[in-house]
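Everything on this sheet refers to the single structure shown next.
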Protein chains: 2
Amino acid sequence: MDSRELTYFVAVAEELNFGRAATRLGIAQPPLSRTIQQLERRLGVTLLTRTSRSVALTAAGEVLLYEGKRALAALTAAGRRAQRAGDPGLVLAMKANIDGDLLEKILAQFAADPAAVEVEVRIGGIGEQGVLLRSGEADAALLRLPHEDADGLAYEELLTEPDVAVLPRTHRLADRESITMSDLSGEQLPYWPGSPPNGGPLVRDAAQLMQLISLGRTVALLPASVRHHLRTDLTTVPVTDAATTTLVIAWSPDARSRSLAALVQAAVTASPSAGPHRSTRTA
Amino acid sequence: MDSRELTYFVAVAEELNFGRAATRLGIAQPPLSRTIQQLERRLGVTLLTRTSRSVALTAAGEVLLYEGKRALAALTAAGRRAQRAGDPGLVLAMKANIDGDLLEKILAQFAADPAAVEVEVRIGGIGEQGVLLRSGEADAALLRLPHEDADGLAYEELLTEPDVAVLPRTHRLADRESITMSDLSGEQLPYWPGSPPNGGPLVRDAAQLMQLISLGRTVALLPASVRHHLRTDLTTVPVTDAATTTLVIAWSPDARSRSLAALVQAAVTASPSAGPHRSTRTA
DNA sequence: CGAATCCATACCTGTAGGGTATCAATTCCG
DNA sequence: CGGAATTGATACCCTACAGGTATGGATTCG
C-alpha cells in the first residue's frame, strides 16, 4: 500500500465527489480519478460505485476508509513522535477549566519525581485533545469521559464528578436546592462540533457557552468542578439524576517513555480517588 | 509522512547498513542514501549517525523504527482487509494441534449461529498467527498465552491448562506419577525461532520437536492437551509446579464484522470454562 | 431540450525516483 | 605501514509517472 494513493482515496471517500476531493488535495480531478482506478486495480476490489452522477462506497471501500484513516494517522504520528524524540519534554493537552484544580497538583507531584521533565501544557478546543494525542503532537491528554473519545488510547481514571446544571442567576430553577433531568426537559441543550445537532445552539468553546447561558439561550450540564471558575452572573444547581463525568489522563498505548510513565503516575497519585489503578483501552 | 521513505528507513534501521538495505529493497544504494537524507531533512531530525564505516540509530531513529513499523503494518493491513471485505468468509489462523480438540466444537457452535459464514482454517508455523492477524490476512487466531504475543490484539480466554512434560517412554522420569521443574534442571529445553537461544535445540514445528524428544535430545513442556495427539513412543508426566498455558481467540481490535463477533462468541460458548468474558488488550 | 454537473479518457510535460560511475573515509590485514 | 576492501556520499544522467489541460459521455435538472 502506498500512502499517497490511500490519502487520495480517503479524500474521495469522505467527500464522495471527485472534484471536491481533488480541490481539497490541491490537485486536478483527472489524476485523482486515475489514482483511484490504479488503487482499485492493485487491490483487485471495487472501492467506489460511480454512477456518472454520484459516488458511493462499497463494503470494501467502507473498510478501507475506516482502516486507512487509522493507518494514515499512525503514519503521521510516527513522524511527529520521531521529531519530538530528541526533545525530552512532554506535551500535555487539555481543555481550559476542565481539571477541577487538579492540574497544579499533578504538575507539582510530577516535579518531585526524579524522571520529571519540562511539561508544555497545550490548551486546545473541544475534541482536539484526542486528535493531538493520536497524531503524536501531544504525549498525554486530560480527557472527560464519556464526552470525549478515548478509543484506541490507554488511560487512567483520575476523578469522577456528578454533572450539575449551569444556569443564569435569574433562571427559574436557579434557586432550587436540586433538580432532576425532567426539570430541564424544556431547555435547549447545546451541542459541540462533531456531535449531532439536537436543536440547541452550536458551541465551540467554554467562553461562548457561558455567554449563551448568560443570555438565557441555553443551559448546560457540566462537571461539578466548573463552579470554581464560574462567571458571577451564572450559578450551578445539582441534578440528582444526572450522569457523571470522569476525568482521565490518556496517552498513546504505543508510547514507552520513562518520563511519560512518571507523569501518569504523578497524575494518579495527585488525584483524590487514588485507588488501585488499571490501564484500559476501549474496544 | 510518505510510506516509501518510511519503508526505506525501516530497512536501513533494521540492517544498519545501506548496501544490504538497498539490496533488500531491490534498489541501488545511492538513491537509498538520498531518500534517507530527504527524510531527515523533512523531519528536521537526525535519524542515523553514520561513521563512514557503520550506522547507528539515534533516539529519534529508535522511535521512528518502532512506530514506523507499526504504521506500515497498519497500512498494509488496511489494504488486505479491504481486499477481503467483499468476501464474507472468515480466516482463522492457528498452529497445528494446539486446540485441545476445541476447534471442532467452536466451528460446530459457530455453524449454529445465524451470522455464520464459511471459515477458512489456516494452519501456520510458530509465531505466524499474530503476524497474519496484524497484517489483516486472518480475521481471528487461536493463540497460546504467554508463549505467543497478543500485544495490540483483543482476545477472549478459552481454556487454561497446566503444562506437562513430554518425554520418551524410555526416559528416566517417564514412569513417575508427577515431577517438578527441578527434576528437569539437567535437560536441554528447546527454543523457537524468535525467542532467545537457551542452549537447547532450535525447533520449527511440532513434528520436529517430537522427533527430537523421541531421540532423547530434548524434553518439552507443553499444554496438557497434547496427550491426545501424541506419538506412541512418547509419554507425558504432570509437572506439579509448571506454568499454565491459556488458549485464547484473538482478533484485531479494529475489526467490526458481525460474523467475526459471532465466531468469537461461538468460541467462548464452546470452551469448557465458559465464564463471564472480558475483552482485553495488553499494554 | 439545453444547461449544468460529474466522472472518464486522451494527451502532454516536468520532476522526482532510480541507475551507473566514482570519491572519500575507515577498517582490515599481510 | 601500505594496499585492499568495505561503506556511505556525490555527481550525473535517464526514464517513468504524477500532475496538468482539454475534452468527451452520461446523467440530472429546470
Side-chain angles (χ1 to χ4, degrees), chain A residues 1-62 64-65 68 72 75-76 79 82, chain B residues 1-62 64-65 68 72 75-76 79 82:
Chain A
M1 279 288 301
D2 173 30
S3 62
R4 188 187 62 96
E5 291 177 329
L6 191 54
T7 308
Y8 285 11
F9 168 74
V10 168
V12 175
E14 287 185 343
E15 299 284 348
L16 289 178
N17 179 314
F18 280 73
R20 277 199 301 277
T23 313
R24 170 172 145 187
L25 293 167
I27 64 171
Q29 170 258 317
L32 181 56
S33 289
R34 247 195 349 208
T35 304
I36 302 295
Q37 288 169 19
Q38 278 174 24
L39 178 60
E40 287 182 316
R41 224 174 316 119
R42 174 164 335 190
L43 292 178
V45 179
T46 308
L47 300 169
L48 301 163
T49 53
R50 303 89 142 157
T51 81
S52 75
R53 192 67 189 169
S54 75
V55 177
L57 284 167
T58 64
E62 301 255 15
L64 190 60
L65 174 58
L72 290 174
L75 210 61
T76 62
Chain B
M1 278 289 301
D2 173 28
S3 61
R4 188 188 61 97
E5 291 176 329
L6 191 53
T7 308
Y8 286 11
F9 168 74
V10 168
V12 175
E14 287 185 341
E15 298 285 347
L16 290 179
N17 177 314
F18 280 73
R20 277 199 302 277
T23 312
R24 169 172 146 187
L25 293 167
I27 64 171
Q29 171 258 315
L32 181 56
S33 289
R34 245 195 347 207
T35 304
I36 302 295
Q37 288 168 19
Q38 279 174 24
L39 179 59
E40 287 182 315
R41 225 174 315 119
R42 176 165 334 194
L43 292 178
V45 180
T46 308
L47 299 169
L48 301 163
T49 53
R50 302 90 143 155
T51 80
S52 74
R53 191 69 190 168
S54 75
V55 177
L57 283 167
T58 63
E62 301 255 16
L64 190 61
L65 173 58
L72 290 175
L75 211 60
T76 62

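Predicted, not measured: the structure shown is a model, and the values here were computed from it. Excluded from the calculations below are hydrogen atoms, water molecules and symmetry mates; all remaining heavy atoms, backbone and side chain alike, are included.
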### Query
Below 4.5 Å, heavy atoms only, C-beta onward: do B/Asn17 and B/Val55 meet side chain to side chain?
no
### Task
Can you measure from CD1 (B/Ile36) to CZ (B/Phe9) and round to the nearest 0.5 angstrom?
7.0 Å
### Query
Which distance, rounded to the nearest 0.5 Å, do you find between the OG1 of A/Thr7 and the CG of A/Leu72?
4.5 Å
### Message
List the residues meeting side chain to side chain contact (heavy atoms under 4.5 Å, CB included) with B/Ala56, not counting sequence neighbours, and say none if there are none.
### Response
B/Thr49
#### Entry: Any residue meeting side-chain hydrogen bond (donor to acceptor under 3.5 Å, both in side chains) with A/Arg4, in chain and number order, not counting sequence neighbours
none
### Summary of salt bridge (charged side-chain N to carboxylate O under 4.0 Å, His left out) pairs that have at least one residue in residues 29-40 of chain A, sequence neighbours excluded
A/Glu40-A/Arg50
#### Entry: Estimated bend of the helix from C/dC1-D/dG30 to C/dG30-D/dC1 (axis per five terminal pairs, rounded to 10 degrees)
20°
### Query
Going 5' to 3' along nucleotides 16-26 of chain D, which nucleotides have protein heavy atoms under 4.0 Å from the base (write B), which only from the sugar-phosphate (write S), and which from neither (write -)?
--BBBBB---B
### Query
Looking at residues at least two apart in the chain, or sitting in another chain, which of them share a side chain to side chain contact (heavy atoms under 4.5 Å, CB included) with B/Ser54?
B/Thr51
### Query
Listed by chain and number, what are the salt bridge (charged side-chain N to carboxylate O under 4.0 Å, His left out) partners of B/Glu14, not counting sequence neighbours?
B/Arg24, B/Lys69
### Query
With sequence neighbours excluded, what pairs up with A/Thr58 under the side-chain hydrogen bond (donor to acceptor under 3.5 Å, both in side chains) test?
none
### Task
For B/Asp2 and for A/Thr51, locate the closest nucleotide of DNA chain C by heavy-atom distance; then report the residue assigned to the nucleotide nearer the 5' terminus.
A/Thr51
### Query
Residues from residues 9-25 of chain B sitting under 4.0 Å of DNA chain D, heavy atoms only?
B/Asn17, B/Phe18, B/Gly19
### Query
CG/B/Leu57 to CD/B/Glu62 distance, rounded to the nearest 0.5 angstrom?
5.0 Å
### Atom-pair distance (CG on B/Leu32; C1' on D/dA9), nearest Å
12 Å
### Message
With no hydrogens and no angle check, just 3.5 Å: does a side-chain donor-acceptor pair link B/Ser33 and B/Gln37?
### Response
no
### Task
Starting at atom CZ of A/Arg50, determine the distance to atom P of D/dT28, rounded to an integer number of angstrom.
17 Å
### Residues forming a side chain to side chain contact (heavy atoms under 4.5 Å, CB included) with B/Glu5, sequence neighbours excluded
B/Asp2, B/Thr35, B/Gln38, B/Leu39, B/Arg42
## Note on the structure
At a 4.0 Å cut-off to heavy atoms of chain B, the contacted part of DNA chain C spans C/dG17 to C/dT27
### From CD (A/Glu15) to CG (A/Leu25), nearest 0.5 Å
8.5 Å
